[in-house]
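Quick notes on the structure that follows.
Note: hydrogens, waters and symmetry copies are ignored here, and every other heavy atom, side chains too, is used.
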Amino acid sequence: PIAVTLDKAQSDSHTIADLCHMWLSLKQDPLLEPRCNVVKKHCNQALTIEHLIAYKLHQRYQGEHLTQKQMEDVRISNH
């Protein structure tokens, strides 16, 4: 799943919100549960507040996989 996500991330056909959704979805993939800490680490390195804001504002995603802390960070950043 990680290699597929990285391949998609390098494509020109995805928005920042799409990429954010892909990374956040990896954190919930049951196949990756044994490597959960590694996935979280890479996800946190890859996603900036700008990614999270784009994901929250995107009409398709509306921040669906954001944690409470990420939602709070987005809210604070928009003020």
What pairs of donor and acceptor atoms, side-chain ones from residues 33-41 against any protein atom, are under 3.5 angstrom apart with sequence neighbours left out?
none

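- Scanning both residues, A54 and A17, for their nearest heavy atoms gives O-CB, 3.7 Å.
- Checked against ring-ring contact (aromatic ring centres under 6.0 Å, His included), H65 has the following partners two or more places apart in sequence or in another chain: H21.
- We find the CG-CG distance between L24 and L52 to be 7.0 Å, quoted to the nearest 0.5 Å.
- Remark: D73 pairs with K69 by the side chain to side chain donor-acceptor pair (under 3.5 Å) rule, at least two apart or across chains.
- Pairs passing the salt bridge (charged side-chain N to carboxylate O under 4.0 Å, His left out) check and including a residue from residues 44-61, sequence neighbours excluded, read D18-R60.
- Of all the heavy atoms in C20 and H51, the pair that sits closest is SG-O, 3.8 Å.
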- Task: Go through the steps to decide whether H42 and L26 satisfy the test side-chain contact (heavy atoms from CB on, under 4.5 Å), and finish with yes or no.
- Result: CA-CA 10 Å; H42 288 293; L26 278 178; over 6 Å; no
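- Residues V74 and Y55 share a single hydrophobic cluster, defined by chaining ILVMFWY side chains whose heavy atoms lie under 4.5 Å apart.
- Applying the salt bridge (Lys or Arg N to Asp or Glu O under 4.0 Å) criterion to E72, with sequence neighbours excluded, gives R75.
- Applying the ring-ring contact (aromatic ring centres under 6.0 Å, His included) test to pairs two or more places apart or on separate chains, none has a residue in residues 22-41.
- Remark: L66 CG to L47 CG distance equals 9.0 Å, nearest 0.5 Å.
- Under a hydrophobic clustering in which Ile, Leu, Val, Met, Phe, Trp and Tyr are joined whenever their side-chain heavy atoms come within less than 4.5 Å, directly or via other members, M71 and L57 fall into the same cluster.
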